[in-house]
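Reviewing the structure listed below.
Heads up: numbering here begins at 1 and tracks the sequence.
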Amino acid sequence: MTQVAVVGLGKIGLPLAALYASKGMDVAGCDIDESVVDAVNAGVSPIAGEPGLDDAIAKGHKAGRLRATTDTAAAVAESDVIVMVVRVALDESRAPDFSQLDAAAEAVGRGLRPGALVILETTMPVGATRNHLGAHLRDASGLEEGAFHLVYSPERVQSGRLYHDLETYPKLIGGVDEESGQKAADFYRRVLNAEVRILPDAETAEFTKLAESVYRDVNIALANELAKAADALGVDFATAAQAANSQPFSHLHVPGVGVGGHCIPVYPYFLLETVDQPIIRLARETNDGMAAYALDRLAEALPGGLAGKTVLVLGLAYRGGVREVMLSSALELVAELRARGARAIVHDPLFSDAEIAAYGVEPSPLPPEAPIDAVILQAAHPEYRDLNPATLKGCRVFLDGRGGFDRGRVEAAGMRYIRIGGGSREA
């Protein structure tokens, strides 16, 4: 039986650990959070909202193939395959912050055996698997280069549909050498039904993952820029985009109040760290500026502007249907509203009041108990589809930040409806 250690039991690492256990492997999940470890060892998922995860953990635990530990080195010492899923974030200067990965690499290195296969699924700058992680593992383990196998294989999944994505998208593999890549391919073919594709090297695999994120970021920014142009010209962007997309070479995205999450707002900076590409930088500036642009539109629609007004933000999460706040546009909107002298209150059906308050924002029931001046739909949660705008006492303007709410219901309630790229039809 293959022994696998999964280092980092977050929203991606834990489902992977449960998946490997379901394929008959003996899996040790490693994490520094004792509450996560205790939950897994009780057969309970500490992560909500991932279809299939609760059942997979319960079955893996019952079968004795899935356990968790805070002793990463000990688990690695018993393992043939080590899969690392430890986040690399941005520091205050928007440079890669390797601190969490380096700490994990130190623990992995202390238990690393000759011949073991180490797979990194965390998104990285180009060259970092070989030059950064590889060096840390060699230093911590005392092993020479080539004594263990090292591979970069990017995660390509989304929260809320992880198991679906794992079965659908090709698994990309880039080894620091040919033998490493082949060993990783053999491993993934045992645990995945999707195509396994070997790329020339780790650097190509790293670049591929960054290119995916940059592609999405740039195209979202293009939609946002075109929507701002449509506003200036009095044209409805949604109507124009639908018409343009009837041609197979056009795929215009939906504009909005910003881009959040673990991936798109972060990974373009990994590429910009080593190569200066103006279009990539401009896309980041555009998307990071959409919250301010949306509030410019809202201020124009409210008599007297935003100062002294109360604005309800619907959705703390970075996108609809996902219980995750990482770099959410809601936080940008709240900060910008406060800077303009407005009071911001936030509702999200996926979070308790205490959880919302922990992010430094003021929670609100829905509908709010006191009158408000405006509302911004920031995350298109399914729970908001049936919202009756008439229940929002005092509200004069409804800013649809995701372009999916029923305009007719808003106007029937006597409010002004605004959408990014709505043009003169909203006047």
Are [X] and [Y] ion-paired here, with the side-chain N under 4.0 Å from a carboxylate O?
X: R110; Y: E106; answer: yes
X: R340; Y: E336; answer: yes
X: K228; Y: E225; answer: yes
X: R385; Y: D406; answer: no
X: R343; Y: E362; answer: yes

Partners of [X] by salt bridge (Lys or Arg N to Asp or Glu O under 4.0 Å), sequence neighbours excluded?
X: D54; result: none
X: R284; result: D217, D288
X: E203; result: R130
X: E383; result: none

Please determine, by modelled atom types, if [X] and [Y] share a side-chain donor-acceptor pair under 3.5 angstrom.
X: S250; Y: N245; result: yes
X: Y169; Y: H164; result: no
X: D91; Y: S93; result: yes
X: R190; Y: T2; result: yes
X: E50; Y: S159; result: no
X: Q3; Y: D80; result: no

Checklist entry - With sequence neighbours left out, which residue pairs that include part of residues 34-48 fulfil the side-chain hydrogen bond (donor to acceptor under 3.5 Å, both in side chains) condition? => result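 Sorted result for residues 34-48: D33-S35.
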
Checklist entry - With sequence neighbours left out, which residue pairs that include part of residues 312-323 fulfil the side-chain hydrogen bond (donor to acceptor under 3.5 Å, both in side chains) condition? => result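 For residues 312-323: Q158-R319, R323-E355.
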
Spell out, as yes or no, whether a donor-acceptor pair under 3.5 Å connects the side chain of [X] to the backbone of [Y].
X: S328; Y: L316; answer: yes
X: Y163; Y: P15; answer: yes
X: D400; Y: G404; answer: yes
X: E324; Y: M326; answer: yes
X: Q378; Y: G315; answer: yes
X: K183; Y: H149; answer: no
X: E206; Y: G127; answer: yes
X: Y152; Y: D201; answer: no
X: R156; Y: P170; answer: yes
X: H381; Y: G321; answer: yes

Enter the distance from [X]:[atom1] to [Y]:[atom2] here, rounded to the nearest 0.5 Å.
X: K209; Y: T122; atom1: NZ; atom2: OG1; answer: 9.0 Å
X: S79; Y: L112; atom1: OG; atom2: CG; answer: 10.0 Å
X: E369; Y: I372; atom1: CD; atom2: CD1; answer: 12.5 Å
X: L298; Y: L333; atom1: CG; atom2: CG; answer: 9.5 Å
X: L117; Y: E179; atom1: CG; atom2: CD; answer: 10.0 Å
X: L120; Y: T129; atom1: CG; atom2: OG1; answer: 5.0 Å

Checklist entry - Can you tell if the side chain of L366 reaches within under 4.5 Å of the side chain of L312, non-hydrogen atoms only? => result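 Of all side-chain heavy-atom pairs linking L312 with L366, at least one is under 4.5 Å.
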
Next on the checklist: Do V313 and I345 make a side-chain contact, defined as non-hydrogen atoms from C-beta onward lying under 4.5 Å apart?
Outcome noted: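 No - every pair of side-chain heavy atoms lies 4.5 Å or more apart.
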
For [X], ring-ring contact (aromatic ring centres under 6.0 Å, His included) partners two or more places apart:
X: H262; result: none
X: H253; result: H251
X: Y267; result: F270
X: Y269; result: none

Is it the case that more than 12 heavy atoms not belonging to [X] sit under 6.0 Å from its [atom1] atom?
X: R113; atom1: CZ; value: yes
X: Q242; atom1: CD; value: no
X: E195; atom1: CD; value: yes
X: L252; atom1: CG; value: yes

What pair of heavy atoms forms the shortest contact from [X] to [Y], and how long is it?
X: T69; Y: A75; result: CG2-CB, 4.0 Å
X: T286; Y: N224; result: CG2-CB, 4.0 Å
X: H347; Y: P365; result: CD2-C, 4.0 Å
X: P368; Y: L392; result: CD-CD2, 3.9 Å
X: L19; Y: L166; result: CD2-CD1, 3.8 Å
X: A227; Y: I420; result: CB-CG2, 3.9 Å

Next on the checklist: Going by side-chain hydrogen bond (donor to acceptor under 3.5 Å, both in side chains), name the residues that satisfy it together with D177, two or more places apart in sequence or in a different chain.
Outcome noted: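 Partners of D177 by the side-chain hydrogen bond (donor to acceptor under 3.5 Å, both in side chains) criterion, ordered by chain and then number, come out as S180.
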
Checklist entry - Residues in side-chain hydrogen bond (donor to acceptor under 3.5 Å, both in side chains) with K171, at least two apart? => result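 K171 satisfies side-chain hydrogen bond (donor to acceptor under 3.5 Å, both in side chains) with E121, S153 once adjacent residues are dropped.
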
Item to check | Whether H132 and F98 hold their rings parallel, tilted or perpendicular, with breakpoints at 30° and 60° | outcome: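 Geometry flag for F98 against H132: parallel rings.
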
Item to check | Intermediate values then yes/no, salt bridge (Lys or Arg N to Asp or Glu O under 4.0 Å), D231 and R297 | outcome: CA-CA 10 Å; D231 283 336; R297 296 288 319 276; 2.9 Å; yes

Next on the checklist: Checking V196 against I173 for the side chain to side chain contact (heavy atoms under 4.5 Å, CB included) test, could you report, in this order, the C-alpha distance in whole Å, the side-chain angles of both residues, the deciding distance, and whether it holds?
Outcome noted: CA-CA 8 Å; V196 175; I173 294 168; 3.3 Å; yes

Checklist entry - Going through the distances and angles, do M415 and V410 end up as a side chain to side chain contact (heavy atoms under 4.5 Å, CB included)? => result CA-CA 6 Å; M415 301 176 193; V410 172; 3.7 Å; yes

Next on the checklist: For the residue pair R409 and F405, would you count it as a cation-pi contact if the rule is NZ or CZ under 6.0 angstrom from the ring centre and within 45 degrees of the ring axis?
Outcome noted: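 Yes; both conditions hold, so R409 lies above the ring face of F405.
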
